[in-house]
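Since this is a predicted model, take the numbers as computed values, not measurements.
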Amino acid sequence: MNKPRFISTGSCVLDLPMNVPHFPTRGGDVIAHSAGAVVGGGFNVVSAVARQGIETHLASVLGTGSNSAQVRYELESEGIIHIGETLVGDTGLCLTLREPDGERTFITTLGVEAEPSHDEFDQIDIRRGDWVYVSGYDLAYPTSGPVVTDFAANLPEGVTLIVDTGPIVDEINYRNLTAVLSRCDLVSLNRREAGLVQELTGVSERFAALRSLIRDDAQALVRAGAEGCWVQTASGAVPTRIPAFPIDVIDTTGSGDAHTGVVAATLMEGQDIEAAVRRANAAAAIACTRRGPATCPTRTEIDAFLTRGEL
């Protein structure tokens, strides 16, 4: 049998990280420091999976401009296969404002990555045993939302769907959101995003809110920073907290993506969800000590970290 592949529809962008001492007041200014543009967005997840030794494919759109050339270079360096279409134009930008405590806030512009077509997605070779990843960003964009929704909601049996709702989950067309989440096998989101789902559904408890949108047998993860990650394996199951590893946070950008990628890669290797989340907690901890978006450690680095129990 063929080994399972990780296929991502998550769009890549060029990140422009800026360190700010604080946010400016309205109409004011603040001096920021930047080290230049780096590839981020959906690249964070696929690079995390590839660094665990899993065959990884990117199905999102790339363009013909210099931003896309930088994305292609990074994909090739990680051994990630681009299977998406190419459009005339270029990849969008994401301005990342990073505060002294490591928290990050995004401002995103859209490029060709937000313009996939139904025809191209219909031609993606999906095999039984594959894992498909969908980001809430692409569900929220006006053009990609319907395309990605139709693709994900109609995946064949035997294909595992993992969804990361992302920070703009409340901007996703509700019909698209419910169509994809009702098909997913695993949903991962952070505590803030879980709060947005509670507001969307009107359900006061976060896992009950998620359960109102996903199947009874789907697994739900709520990432809670220094608290760790809460795991509910099925409807009615008592959520379990997998503790985080204590670290000095430098930059949280991409740590959630590292977590999601390592959870997927570990599950694809046949380990259980608690083992997968423990490895993902380690990956996220390491990522938070590094500057930049795509900072997930390799399998070897995670193994060494877990052996020592600390950085």
Side-chain angles (χ1 to χ4, degrees), residues 1-8 44-56 127-134 152 155 157-165 181-191 193-194 206-208 210-211 213-246 255-287 296-310:
M1 293 180 62
N2 293 321
K3 287 186 176 181
R5 305 167 303 166
F6 185 86
I7 299 172
S8 172
N44 302 344
V45 174
V46 289
S47 60
V49 176
R51 290 170 192 173
Q52 312 314 307
I54 300 292
E55 182 181 341
T56 306
R127 305 171 190 165
R128 188 175 185 85
D130 286 342
W131 280 59
V132 171
Y133 166 83
V134 167
L155 286 169
E157 290 185 12
V159 175
T160 301
L161 175 62
I162 181 169
V163 177
D164 187 331
T165 62
L181 289 184
S182 65
R183 167 60 181 83
C184 82
D185 299 279
L186 187 150
V187 60
S188 180
L189 67 173
N190 65 29
R191 185 157 42 192
E193 295 153 6
R206 61 190 179 191
F207 279 105
L210 282 171
R211 284 292 155 197
L213 300 175
I214 63 177
R215 299 196 320 263
D216 286 347
D217 60 343
Q219 300 182 106
L221 308 182
V222 176
R223 308 184 305 270
E227 187 179 308
C229 180
W230 290 89
V231 179
Q232 189 185 44
T233 56
S235 180
V238 177
T240 301
R241 183 176 71 90
I242 310 298
F245 294 89
S255 59
D257 294 328
H259 194 280
T260 301
V262 172
V263 164
T266 308
L267 290 173
M268 289 174 74
E269 294 175 338
Q271 297 194 49
D272 64 31
I273 188 64
E274 292 196 8
V277 171
R278 184 168 184 268
R279 286 188 68 84
N281 286 357
I286 297 170
C296 182
T298 64
R299 174 201 293 270
T300 301
E301 290 174 315
I302 297 173
D303 288 342
F305 178 89
L306 291 172
T307 298
R308 296 192 306 269
E310 59 183 11

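Between the side chain of Gln232 and the main chain of Ala237, a donor-acceptor pair closer than 3.5 Å is present. With Arg191 contributing its side chain and Gly225 its backbone, the two residues share no donor-acceptor pair below 3.5 Å. Side-chain atoms of Asn190 never come within 3.5 Å of backbone atoms of Arg223 as a donor-acceptor pair (strictly under, hydrogens ignored). At least one donor-acceptor pair closer than 3.5 Å links the side chain of Arg211 to the backbone N or O of Asp216. Although no hydrogens or angles enter the test, the distance criterion places no donor-acceptor pair under 3.5 Å between the side chain of Thr300 and the main chain of Thr298. For Gln52 (side chain) and Pro297 (main-chain N/O), a donor-acceptor pair under 3.5 Å exists by modelled atom type.
Minimum interatomic distance between Gly129 and Pro4 (heavy atoms only, all atoms of both residues): O-CB, 2.9 Å. Nearest heavy atom pair, residue Val231 against residue Ile242, reads CG2-CG1, 4.0 Å. When all heavy atoms are compared, the tightest approach of Val163 to Cys184 is CG2-CB, 3.7 Å. Summarising the geometry of Ala287 relative to Ser255, their closest heavy-atom pair is CB-CA, 4.3 Å, with the distance given to 0.1 Å. Between Ala226 and Ala244 the shortest heavy-atom distance is O-CB, 3.4 Å. Here the shortest heavy-atom pairing between Val159 and Arg127 reads CG2-O, 3.6 Å.
The distance from atom OG1 of Thr165 to atom CG of Leu210, rounded to the nearest 0.5 Å, is 8.0 Å. Here Glu269 contributes atom CD and Ile54 contributes atom CD1; the two are 4.5 Å apart, rounded to the nearest 0.5 Å. Expressed to the nearest 0.5 Å, how far CG of Asp272 lies from CZ of Arg278 amounts to 11.5 Å. The line from CD1 of Ile162 to CG of Leu267 is 7.5 Å long, rounded to the nearest 0.5 Å. The OH atom of Tyr133 lies 4.5 Å from the CG atom of Asp164; values are rounded to the nearest 0.5 Å. With rounding to the nearest 0.5 angstrom, the CH2 atom of Trp131 is 5.0 Å from the OG1 atom of Thr160.
Side-chain contact between Leu213 and Val187 is absent, with no heavy atoms from C-beta onward closer than 4.5 Å. Residues Leu155 and Val132 have side chains in contact (heavy-atom distance under 4.5 Å, counting atoms from C-beta outward). No side-chain heavy atom of Glu193 sits under 4.5 Å from any side-chain heavy atom of Val222. Between Ile273 and Leu221 the shortest side-chain heavy-atom distance falls below 4.5 Å. Looking only at side-chain heavy atoms (C-beta outward), Ile286 and Phe245 stay at 4.5 Å or farther from each other.
For the pair Asp185 and Arg215, the salt-bridge criterion is met [side-chain N within less than 4.0 Å of a carboxylate O].
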Output, in order, the C-alpha distance, side-chain angles, deciding distance and verdict of salt bridge (charged side-chain N to carboxylate O under 4.0 Å, His left out) for Glu301 and Arg51. CA-CA 10 Å; Glu301 290 174 315; Arg51 290 170 192 173; over 6 Å; no
Determine, step by step, whether His259 and Val277 satisfy the side chain to side chain contact (heavy atoms under 4.5 Å, CB included) criterion, reporting the C-alpha distance in whole Å, the side-chain angles of both residues, the deciding distance to 0.1 Å, and the verdict. CA-CA 8 Å; His259 194 280; Val277 171; 4.2 Å; yes
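Defined by atom type and a distance below 3.5 Å, a donor-acceptor pair is missing between the side-chain atoms of Gln271 and Arg279.
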